[in-house]
Undergrad: 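Sending over a structure as structure tokens; questions will come in a sec.
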Amino acid sequence: MQHLPLDPAANASPAALSGFLEQCRQQAQRVGRAQLASISLEVEALDPLAVLEAIFEPTEKHFYVERPAEHLAVAGAETAVHFTATGPARFAACQAFIDETLAHTLAVGDLDAPFAGPHFFTTFAFQPEVEAAEPFPAAQVLVPRWQVGRREGRTVAVANLLITPTAPVAPLAERVWRAHAKFRTFDFASVDPAAREAAALPTLAGEADDKARYAAAVEQALALIAAGAFAKIVLARTKELRAVAPFHPLRVLNDLRERFADCYAFSVANGGGQSFIGATPERLLRVQAGVLTTEALAGSARRGRSASEDAALGGALLRSEKDLREHRLVLESIVRRLAPLGMVPAAPARPTLRRLANVQHLQVPVTAALPAGVRLLEVLAQLHPTPAVGGAPREAALPHIRALEGFPRGLYAGALGWVDARGDGEFFVGLRSALIDGRAARLYAGAGIVAGSQPEAELRETELKFGAMQEALMRVPL
């Protein structure tokens with residue numbers, strides 16, 4: 001990426017903007033290839049979710065994620081460049097696309113500011129290939145046309161434009177000028193309050209049949225474990241909600257981010273009217289300044305209704321042989337899969353409790369130095385999917401999941417996140433989630449099955465995990 005010495009704040013004029021875009025067009029002519037122009041400008045404090053809600057269009061792609069406890073939020077909408085891939089080489093294909101795009105990027109602005117410069121928002125489905133008619137590809141990379149990010153008390157607005165050798169510069173400059181003026185003084189009052197009127201509450205469809213199918217699937221999995229096919233498998237189930245008016249995915253997220261500040265609230269839209277949303281507790285990995293951070297998260301218990309009950313439930317989870325064994329499988333897998341990349345992870349000897357509003361888990365943080373030449377998506381390819389969402393051994397368990405569950409997972413339990421121009425980035429796991437499609441919402445929740453699991457207990461665990469999303473969808477105005 002070429003960083004040009006032009007300060008958009010100090011040269012805030014249509015003429016300076018046109019001059020930069022003209023440079024990009026001339027570069028595109030010289031090399032015979034379109035160039036990505038990226039303009040970053042620090043602005044007054046903005047709420048990225050509010051911005052995205054104000055400009056939301058079902059026919060446009062978007063990506064949003066927020067983790068309030070870490071003061072992290074970013075939203076991007078519309079498409080500057082987009083790429084899809086499928087198959088076992090999808091991680092490498094996405095990395096190659098990112099590298100090629102950056103090699104033809106010209107950027108201006110303070111690139112040391114949080115969320116400045118082009119960001120590659122990337123999603124990987126649970127499986128390396130997806131079935132026909134699924135709403136999201138097996139892998140995709142989106143560089144949005146408009147992006148707003150907030151971190152460390154700073155807000156940065158970014159415009160990304162694909163400049164072809166014959167691009168008309170004047171209208172592009174005018175469009176960016178108007179957009180940055182809007183970001184400086186964003187008017188949220190223009191959102192129509194009448195659109196927030198609530199309709200009748202959504203209803204559940206076919207829940208009893210689903211519970212019976214899930215219990216039978218757990219029994220089949222336990223038989224396979226007893227026969228030595230694998231040690232663990234994660235089985236999910238779904239719930240279907242129907243409403244009389246279309247769900248608005250972004251309004252649901254406001255409720256989730258308020259209630260689950262330590263989770264990643266997220267939304268990914270495909271531009272065809274469908275969105276995948278959720279509030280997941282699980283970080284898959286973060287790479288920053290040469291350090292990898294990940295975690296082993298497995299084992300679940302509900303929260304107590306009093307301090308004493310909560311402590312008793314947490315203590316029981318910390319002593320549970322079944323849950324500790326399930327957690328150990330996840331941690332051992334992470335360590336084993338990082339070894340071929342030359343990484344030596346460090347982790348505490350015993351898990352601690354990760355307490356969320358409605359559930360608590362066993363958690364161990366894992367850190368490792370990233371060796372020179374190892375890229376974030378290489379690490380992601382090794383880790384995804386972890387035994388926390390797939391099974392162990394991975395190669396033995398994964399082929400059984402589709403048949404036992406009876407539905408395609410799509411982005412559920414997939415890897416979602418971003419890579420920046422430095423190669424740093426962050427990915428999380430698409431859990432506690434729902435696929436929104438007009439008046440329909442499909443909710444997902446799963447549980448890890450190991451020797452000693454009980455179908456009724458695993459069913460209760462999935463109900464616990466459904467709770468937050470189901471409550472949010474059934475109480476937020478459509």
Undergrad: Identify whether the distance between the nearest side-chain nitrogen and carboxylate oxygen of Glu78 and Arg175 falls below 4.0 Å.
TA: yes
Undergrad: Heavy-atom count check: over 12 atoms from other residues, nucleotides or ligands less than 6.0 Å from Arg439 CZ?
TA: no
Undergrad: Salt bridge or not between Arg283 and Glu426? Use side-chain N to carboxylate O under 4.0 Å.
TA: yes
Undergrad: Is any side-chain N of the basic residue among Glu60 and Arg145 closer than 4.0 Å to the acidic one's carboxylate O?
TA: no
Undergrad: Please determine whether side-chain contact (heavy atoms from CB on, under 4.5 Å) holds for the pair Leu142 and Phe120, giving the CA-CA distance in whole Å, both sets of side-chain angles, and the decisive distance to 0.1 Å.
TA: CA-CA 6 Å; Leu142 171 69; Phe120 298 83; over 6 Å; no
Undergrad: Would you say the side-chain atoms of Arg237 and Thr462 include a donor-acceptor pair closer than 3.5 Å?
TA: yes
Undergrad: Using every non-hydrogen atom in the two residues, find where Ile436 and Ala441 come nearest and quote the distance to one decimal.
TA: CD1-CB, 3.7 Å
Undergrad: Quick check: do Leu356 and Cys263 have side-chain heavy atoms less than 4.5 Å from each other?
TA: yes
Undergrad: Hey, would you say the Tyr64 and Phe266 ring centroids sit under 6.0 Å apart?
TA: no
Undergrad: Strictly below 4.0 Å, N to O, side chains only: are Glu100 and Arg33 in salt-bridge contact?
TA: yes
Undergrad: Provide the closest heavy-atom pair for Lys465 versus Ala445 in the form atom of the first, atom of the second, distance.
TA: CB-CB, 3.9 Å
Undergrad: Less than 4.0 angstrom from a charged side-chain N to a carboxylate O is my criterion; do Asp262 and Arg355 meet it?
TA: no
Undergrad: Shortest non-hydrogen contact from Phe124 to Leu380?
TA: CE1-CD2, 3.6 Å
Undergrad: With a 4.5 Å limit on heavy-atom distance, are the side chains of Val148 and Val74 in contact?
TA: no
Undergrad: Salt bridge check, Glu332 against Arg337: does any charged N sit closer than 4.0 Å to a carboxylate O?
TA: no
Undergrad: How far apart are the C-alpha atoms of Leu36 and Ile163, what are their side-chain angles, what is the distance that settles it, and do they pass the side-chain contact (heavy atoms from CB on, under 4.5 Å) test?
TA: CA-CA 6 Å; Leu36 180 65; Ile163 309 296; over 6 Å; no
Undergrad: Do Gln382 and Glu378 meet the criterion of a side-chain donor-acceptor pair at a distance under 3.5 Å?
TA: no
Undergrad: Are any of the side-chain nitrogens in Glu129 or Arg90 under 4.0 Å away from the carboxylate oxygens of its partner?
TA: no
Undergrad: Between the side chains of Gln140 and His82, is a donor N or O closer than 3.5 angstrom to an acceptor N or O?
TA: yes
Undergrad: With the side chain counted from C-beta on, respond yes when Leu102 and Pro118 share a heavy-atom pair under 4.5 Å apart, and no when they do not.
TA: yes
Undergrad: When the ring planes of Phe121 and His119 are compared, do they come out parallel, tilted or perpendicular, using 30° and 60° as the limits?
TA: parallel
Undergrad: Does Arg409 reach the side chain of Ile401, with side-chain heavy atoms less than 4.5 Å apart?
TA: yes
Undergrad: Within 45° of the axis and under 6.0 Å from the centre of the six-membered ring of Tyr264, does NZ or CZ of Arg67 qualify?
TA: yes
Undergrad: Is there side-chain contact between Val252 and Leu250, with at least one heavy-atom pair below 4.5 Å?
TA: no
Undergrad: Is Glu282 paired with Arg432 through a side-chain N to carboxylate O contact shorter than 4.0 Å?
TA: no
Undergrad: What are the two closest non-hydrogen atoms of Phe126 and Pro385, and how far apart are they?
TA: CE1-CB, 3.5 Å
Undergrad: Parallel, tilted or perpendicular: which one describes the rings of Phe83 and Phe97, with boundaries at 30° and 60°?
TA: parallel
Undergrad: Can you find a heavy atom in the side chain of Ser275 that is under 4.5 Å from one in the side chain of Phe247?
TA: no
Undergrad: Can you find a pair of side-chain heavy atoms, one from Pro48 and one from Glu66, that are under 4.5 Å apart?
TA: no
Undergrad: Walk me through it: do Leu297 and Leu362 pass the test side-chain contact (heavy atoms from CB on, under 4.5 Å)?
TA: CA-CA 6 Å; Leu297 191 73; Leu362 298 175; over 6 Å; no
Undergrad: Any ion pair linking Arg154 and Asp112 (charged N to carboxylate O, less than 4.0 Å)?
TA: no
Undergrad: Any non-hydrogen side-chain atom of Val268 less than 4.5 Å from a side-chain atom of Leu416?
TA: yes
Undergrad: Centroid separation under 6.0 Å, is that true for the rings of Phe428 and Trp418?
TA: no
Undergrad: Closest heavy-atom contact between Val169 and Glu22?
TA: CG2-OE1, 3.5 Å
